[in-house]
Structures are given as structure tokens and as C-alpha cells.
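Heads up: the structure comes next, in C-alpha cells.
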Amino acid sequence: MGDFVARTPCKGLLPLEIGNVVLSEIDLGRMTSIMPFKGKQAMVAGILKSSHEVDLPEPNRLSDKAEVQVIWFARGQVFLVGADPDPALTGHAALTDQSDAWAVVALEGAGAEDVLARLVPVDLRNSTFQIGHTLRTQMMHMNASITRVDADRFQIMVFRSMAETLVHDLRSAMEGVAARG
């Protein structure tokens, strides 16, 4: 039997720097989908606060502390990132390990907004999409989660199987923005 070697989704594709924009892969560690059971949202919020010191975020928002993030992902669903979920959550929410399911990249630099403007149908300018804002949207023909984590830095998540397409589409947009100067 052959030896299996773990690979990150973007292995050999990144990092990439074109113009003022850098694209790099992020290893967020453990990622867990949390979907509170009916009537248990307050209990889940309390457990996240006491065990991880993060709030259950409002829709389209990120809650974070140090290396732990809670990302709003959909109605009734958040992702706990960077920490093992507290076992106390099991009686109050459906938990699913998502650690190997996603390709996660950082897009950063002065032209990052311009790059994303070529790929997504929403306004991601800092005036409307501020630090800590997150959303689910289409990026070209892929489903994506996009979070602004700093003034010129975005965290982008797509299904692992779309990693090569993600890098291709971002590279093309980065080249287009760089060509315009």
C-alpha cells in the first residue's frame, strides 16, 4: 500500500504576488459547523462565550478573539474556527467537522477590493463592507464565504474541490488590476 501525504488544498499554487496584491493560503486549523437546535441559540451563545471568549455573531458578521473565529455562515449556522468545540455544545447544536472541506486563502493589498470587484456581484468596498463583515456569495461560478479581516485583507473560503479554480480566477483578476496600474 502506498504512503499517503496530507496536502493543503492550494499546495503548489500559492503564494502569488501580482502588482500590489498578495494571495496566500491560510491554515485555519479546526473548523466546525455549529447549527443550534430550535430554542437553543442562547445556550450555544453562552457556551461559546464561556469556553472560547467569542460571541455568537449577528448575520453577516465575524466574532473573533486571538486565533479563534466564529463566522456567520447562513441562517442558523456559524463556523467555529481555530479551536475544538466545547463538548457541552453537543446537546444544544448539530456539530460537523469541516476542517478538510474548505480551501481558505487571504487576499491582501491596496488593490484587493478591485480584484474582488471583478469576481463577485456585491459591493465589498470598505465604506459598506467593513472589518468583521462576512457574507456568502458567488465568486464567478463558485459559492464562497468572504470576510474582511483587516482594511486591505480578505479571508476567502470555497469548497476544497474548487481550490484550483479559485486561484485561477483570482490570478486573472489580479493580473487585470495590475495591468490597469
Between [atom1] of [X] and [atom2] of [Y], what distance do you get to the nearest 0.5 Å?
X	Y	atom1	atom2	value
Cys10	Ile26	SG	CD1	10.0 Å
Met142	Gln138	CE	CD	9.0 Å
Glu53	Asp64	CD	CG	12.5 Å
Ile146	Thr137	CD1	OG1	6.0 Å

Does any non-hydrogen side-chain atom of [Y] lie less than 4.5 Å from one of [X]?
X	Y	answer
Arg171	Leu23	no
Glu108	Val149	no
Arg118	Ser172	no
Asp169	Met139	no
Val158	Thr165	no
Asp123	Phe129	no
Val104	Gln155	yes
Met174	Leu107	yes

Heavy atoms only: give me the nearest [X]-[Y] pair and the separation to one decimal.
X	Y	result
Ile131	Asp150	CG1-C, 3.7 Å
Pro9	Ala103	CB-CB, 3.6 Å
Leu14	Ser24	CD1-C, 3.9 Å
Ala93	Val44	CB-CG2, 3.9 Å
Pro85	His52	CA-NE2, 4.0 Å
Lys11	Glu25	N-OE1, 3.9 Å

Over 12 non-hydrogen atoms of neighbours within 6.0 angstrom of [atom1] in [X]:
X	atom1	result
Gln130	CD	yes
Glu164	CD	no
Gln41	CD	no
Met35	CE	yes

Quick one: does [X]'s side chain have a donor or acceptor within less than 3.5 Å of a partner on [Y]'s backbone?
X	Y	answer
Thr134	Asn60	no
Gln69	Leu62	no
Asp55	Pro57	no
Arg148	Leu124	yes

Applying the 4.5 Å side-chain criterion to the ILVMFWY set and letting contacts propagate, would [X] and [Y] be lumped into a single cluster?
X	Y	value
Ile47	Val81	no
Val21	Met140	yes
Met31	Val54	no
Met157	Val22	no
Phe154	Val70	no

- Decide yes or no on side-chain contact (heavy atoms from CB on, under 4.5 Å) for Leu48 and Ile34, but give the supporting numbers first. CA-CA 11 Å; Leu48 287 172; Ile34 300 174; 4.2 Å; yes

- Run the numbers on Glu113 and Asn126 for side-chain contact (heavy atoms from CB on, under 4.5 Å), then give the verdict. CA-CA 8 Å; Glu113 286 180 0; Asn126 198 28; 3.5 Å; yes

- Is there a side-chain contact (heavy atoms from CB on, under 4.5 Å) between His133 and Thr147 once you walk through the steps? CA-CA 6 Å; His133 287 200; Thr147 304; over 6 Å; no

- For side-chain contact (heavy atoms from CB on, under 4.5 Å), just list the numbers for Asp97 and Arg30, CA-CA rounded to whole Å, side-chain angles, deciding distance to a tenth of an Å, and then say yes or no. CA-CA 8 Å; Asp97 185 1; Arg30 180 81 185 263; 3.6 Å; yes

Distance-only donor-acceptor pairs under 3.5 Å for side chains of residues 71-80, two or more places apart:
{"unit_1": "Trp72", "atom_1": "NE1", "unit_2": "Ala74", "atom_2": "O", "d": "3.3"}
{"unit_1": "Gln77", "atom_1": "NE2", "unit_2": "Ser33", "atom_2": "OG", "d": "2.8"}

